[in-house]
Amino acid sequence: MALLASIASLYLWGLEANGWANPYYSAAAQAGAQDWKAFFFGSVEWGNLITVDKTPLSIWVMALSVRLFGLSTWSILVPQALMGVLTSYLVFRMTRRAFGPRTALFAAAAYAVTPVVMLMSRFNNPEPLMGLLMVTSVLTTLKALESGRSRTFALAGFVLGLAFMAKQVQAMLVVPALCAAVLAFGQGRFLQRLRQLAVSALTAAVTGGAWLVVVELIPSSLRPYVGGSLNNSALELTLDYNGLARFVQIPMNSDGGRATSPDDIAAYDGGIRRIFNGNFAPEIGWLLFAGIVCCVITTVLSKTLALTAPQRNLAILACVWFATVLALLCFMGTMIHTYYTFSLGCPLALVVAIGLSNLWRLRSRPILRLVGAVLIGASSYMGLRIMNYSYEWPTWFKAVFVIAGIAATAAWLLPTSNKRWVRLSWVLVAISLLIGPAANNFYTLLTPQKGTNPQSGPIGADPTSMSRLMVAVKAGDPAWAQLTALGSPPSPEVVSALRSVPVGCTWGAATFSAQNAALYQLESGLPVIPLGGWLGTDPAPTLEQFQALVAEKRIGYFIWQQELLDRGELSTETKDISEWVRSNFTEEVVDGVSLYDLQSRME
């Protein structure tokens with residue numbers, strides 16, 4: 001309980017600093033709290049013109065919270081934090097069932113202080129819900145392996161289907177591990193194990209696919225456009241934008257957009273080095289070397305360790321899960337964010353905790369005792385390298401970190417059977433491995449996390465590092481990047497103008513990109529159309545649809561964004577709408593923002 005209370009305090013402390021966090025999802029939660037149709041489809045606005053580019057389960061949770069407690073930072077972010085705390089508890093529970101309380105405490109603590117886990121547990125992306133459901137599915141599968149009951153396998157599939165509803169393909173990264181565990185360690189003959197797997201798979205498919213099927217069957221005229229798709233299709237969204245597109249290498253230019261023939265194509269960074277570079281390593285790299293070594297040791301020594309069935313099931317499942325996610329993060333395509341490493345948080349915590357527990361059991365063998373000591377020392381070295389990615393780590397902390405690593409390595413090497421010394425050794429090991437990521441989290445707590453690409457820890461030393469680039473973006477350099485990733489801070493005068501639109505208006509305004517629309521919607525309390533969806537690249541609405549809405553006096557204002565138009569990556573429909581507005585309505589500059597009153601007479 002003390003550990004959970006500490007985790008809750010860490011995740012909840014100062015949440016208000018994050019404001020709307022990712023405004024795109026906050027606006028969708030606001031819309032879902034206002035209108036049940038918007039709730040079901042995951043619409044960005046409650047005029048129900050277009051949805052977010054994800055399946056809406058995580059939006060449902062936030063929308064219900066907003067409906068119950070009102071719209072605020074806390075009503076949106078507290079559910080995310082509580083999901084992180086509950087996931088930590090489930091990590092503890094599944095580890096304790098097999099390896100006892102000491103190993104379980106370390107696993108839960110290692111998971112909770114993993115920088116990307118804490119970062120996302122204080123943010124409103126779908127990751128916290130996805131992680132909670134994935135871990136629940138793993139725990140349920142472990143129970144099913146022991147009981148052999150079909151209903152338990154069905155329950156595991158049901159929960160995994162819900163995880164798919166939270167973040168689609170990313171939630172399926174645990175599937176190879178679950179399949180391997182069931183086929184290798186399930187009860188009965190092989191055909192019976194196949195049936196058990198089929199029960200889980202069928203339940204997961206039905207649960208995860210039900211919303212997709214319903215959306216596909218509803219005529220497009222009766223529902224919002226499916227954001228992120230080119231053909232207004234939830235199935236296409238799943239298979240392409242949230243599926244295959246995440247795995248392939250898309251040529252990108254040096255400015256971060258899709259490359260065209262005249263552009264200089266940015267180098268592809270895929271490979272094992274990606275996960276250890278200055279962008280990804282601060283999020284997940286602190287225990288990564290230890291995780292790789294522990295995964296190998298647990299696999300190689302599985303017979304020597306004489307593991308019980310529950311221990312074997314969890315150990316092998318964790319190793320396959322870890323290897324699957326690590327390989328994908330290293331080699332997936334160019335549509336990758338550093339916070340995708342969240343998927344590695346749980347399997348990494350499990351393999352390190354299990355591996356260290358196994359090495360401790362065999363520490364009477366000098367070679368394995370040496371391996372454990374090298375592992376701890378190398379992890380300290382890895383942590384020091386991560387600190388060197390930034391100039392903000394104080395020298396005194398680096399010294400403390402090195403001393404802790406040396407003390408833990410020495411404690412591991414000394415053979416003893418004294419219970420007090422054993423406890424002290426474990427405490428020293430835990431401190432040396434967790435003090436680095438824990439300290440990294442204090443930088444995260446002191447930095448407001450907003451926009452589309454939150455990052456933990458201090459600012460990187462490399463001028464091209466993502467954290468340093470995001471500092472420039474927050475300052476408006478370049479302006480298009482701020483508008484895309486964060487949204488421009490809404491002008492109070494423009495917000496006031498939106499609030500004055502006639503009662504019959506469905507939408508207070510229309511603009512692009514989605515982050516700008518979301519911020520104006522959240523601040524004004526009126527729905528705002530994100531033309532072209534997330535990046536302004538979706539073919540919705542069309543010019544004809546927009547013209548009809550304007551003719552019906554259903555839109556108050558058009559908010560002009562010249563920087564995004566200059567970049568040239570908006571959809572044809574969005575550009576056509578912008579040109580039509582400029583040609584037919586009078587521009588009015590309010591607090592530096594170009595506005596077009598769509599309620600006025602056309603020129």
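This structure is a prediction, so every number in the text was calculated from the model and none was measured.
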Quick one: closest heavy-atom pair of [X] and [Y], and the distance?
{"X": "P454", "Y": "F123", "result": "CG-CE2, 3.7 Å"}
{"X": "E573", "Y": "P541", "result": "CB-O, 3.6 Å"}
{"X": "F39", "Y": "P56", "result": "O-CB, 4.5 Å"}
{"X": "Y241", "Y": "G228", "result": "CB-O, 3.4 Å"}
{"X": "A514", "Y": "P530", "result": "CA-CB, 3.8 Å"}
{"X": "A290", "Y": "S379", "result": "CB-OG, 3.3 Å"}

Would you sort out whether M165 and T55 count as a side-chain contact (heavy atoms from CB on, under 4.5 Å), showing the intermediate values? CA-CA 6 Å; M165 270 290 290; T55 40; 4.1 Å; yes
Donor-acceptor under 3.5 Å ([X] side chain, [Y] main chain):
{"X": "E45", "Y": "I50", "result": "yes"}
{"X": "T341", "Y": "L344", "result": "no"}
{"X": "T511", "Y": "A517", "result": "no"}
{"X": "Q80", "Y": "S121", "result": "no"}
{"X": "Y25", "Y": "S58", "result": "no"}
{"X": "S500", "Y": "A497", "result": "yes"}
{"X": "R122", "Y": "W13", "result": "yes"}
{"X": "N232", "Y": "V226", "result": "yes"}
{"X": "N441", "Y": "M118", "result": "no"}
{"X": "Y557", "Y": "V501", "result": "no"}

Approximate separation, where rounding is to 0.5 Å, of [X] [atom1] and [Y] [atom2]:
{"X": "W60", "Y": "L129", "atom1": "CH2", "atom2": "CG", "result": "11.0 Å"}
{"X": "I7", "Y": "L12", "atom1": "CD1", "atom2": "CG", "result": "11.5 Å"}
{"X": "L535", "Y": "L570", "atom1": "CG", "atom2": "CG", "result": "9.0 Å"}
{"X": "W393", "Y": "N440", "atom1": "CH2", "atom2": "CG", "result": "4.5 Å"}
{"X": "M466", "Y": "H337", "atom1": "CE", "atom2": "NE2", "result": "8.5 Å"}
{"X": "E569", "Y": "D566", "atom1": "CD", "atom2": "CG", "result": "12.5 Å"}

Apply side-chain contact (heavy atoms from CB on, under 4.5 Å) to T484 and T452, showing your working. CA-CA 8 Å; T484 300; T452 184; over 6 Å; no
R499 CZ: over 12 foreign heavy atoms closer than 6.0 Å: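 More than 12 within 6.0 Å, yes.
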For Y381, I'd like to know if atom OH has over 12 heavy atoms of other residues, nucleotides or ligands within 6.0 Å. no
Test salt bridge (Lys or Arg N to Asp or Glu O under 4.0 Å) applied to [X] - qualifying residues, sequence neighbours left out:
{"X": "E579", "answer": "R582"}
{"X": "R554", "answer": "E552"}
{"X": "R274", "answer": "D269"}
{"X": "K54", "answer": "none"}

When you compare the side chain of [Y] with that of [X], does any pair of heavy atoms fall below 4.5 Å?
{"X": "L288", "Y": "M382", "value": "no"}
{"X": "L49", "Y": "Y225", "value": "no"}
{"X": "S465", "Y": "N279", "value": "yes"}
{"X": "S513", "Y": "L564", "value": "yes"}
{"X": "F280", "Y": "I336", "value": "yes"}
{"X": "S578", "Y": "F512", "value": "yes"}
{"X": "T87", "Y": "C346", "value": "no"}
{"X": "W286", "Y": "T114", "value": "no"}

Show me the side-chain donor-acceptor pairs of residues 455-462 shorter than 3.5 Å, one per line, residues at least two apart or across chains.
from: Q455; atom 1: OE1; to: S467; atom 2: N; distance (Å): 2.8
from: Q455; atom 1: NE2; to: T338; atom 2: OG1; distance (Å): 3.3
from: S456; atom 1: OG; to: E283; atom 2: OE1; distance (Å): 2.5
from: D462; atom 1: OD1; to: T464; atom 2: N; distance (Å): 2.9
from: D462; atom 1: OD1; to: T464; atom 2: OG1; distance (Å): 2.9
from: D462; atom 1: OD2; to: T464; atom 2: OG1; distance (Å): 3.1

Please list, chain by chain and in numerical order, all residues satisfying side chain to side chain donor-acceptor pair (under 3.5 Å) with Y389, sequence neighbours excluded. none
My understanding is that only residues two or more places apart in sequence, or in another chain, count here; which of them pass side chain to side chain contact (heavy atoms under 4.5 Å, CB included) with [X]?
{"X": "V169", "value": "F247"}
{"X": "A38", "value": "A31, D35, S43, W46, N48"}
{"X": "T572", "value": "D576"}

According to the side chain to side chain donor-acceptor pair (under 3.5 Å) rule, which pairs have a member within residues 518-538, sequence neighbours left out? W20-E523, Q30-Q521
Keeping to residues at least two apart or across chains, list the side chain to side chain donor-acceptor pair (under 3.5 Å) pairs with something in residues 65-78. S72-S75
Do V61 and M83 pass the side-chain contact (heavy atoms from CB on, under 4.5 Å) test, and can you show the C-alpha distance, the side-chain angles, and the key distance before you say yes or no? CA-CA 11 Å; V61 175; M83 290 174 200; 3.4 Å; yes
Indicate whether any N or O donor in one side chain lies under 3.5 Å from an N or O acceptor in the other, for [X] and [Y].
{"X": "N125", "Y": "K167", "answer": "no"}
{"X": "E587", "Y": "W560", "answer": "no"}
{"X": "Q515", "Y": "N22", "answer": "yes"}

Could you pull out every donor-acceptor pair under 3.5 Å between side chains of residues 486-493 and any protein atom, sequence neighbours left out?
from: S491; atom 1: OG; to: E493; atom 2: N; distance (Å): 3.3
from: S491; atom 1: OG; to: V494; atom 2: N; distance (Å): 3.3
from: S491; atom 1: OG; to: D591; atom 2: OD2; distance (Å): 2.8

So that I know where these two stand, are W580 and F585 an aromatic pair - ring centroids less than 6.0 Å apart?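 Yes; F585 has its ring centre under 6.0 Å from that of W580.
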Let's go through N18 and L77 carefully: what are the C-alpha distance in whole Å and the side-chain angles of both, what is the deciding distance for side-chain contact (heavy atoms from CB on, under 4.5 Å) to 0.1 Å, and is it a yes or a no? CA-CA 9 Å; N18 290 346; L77 296 184; 3.8 Å; yes
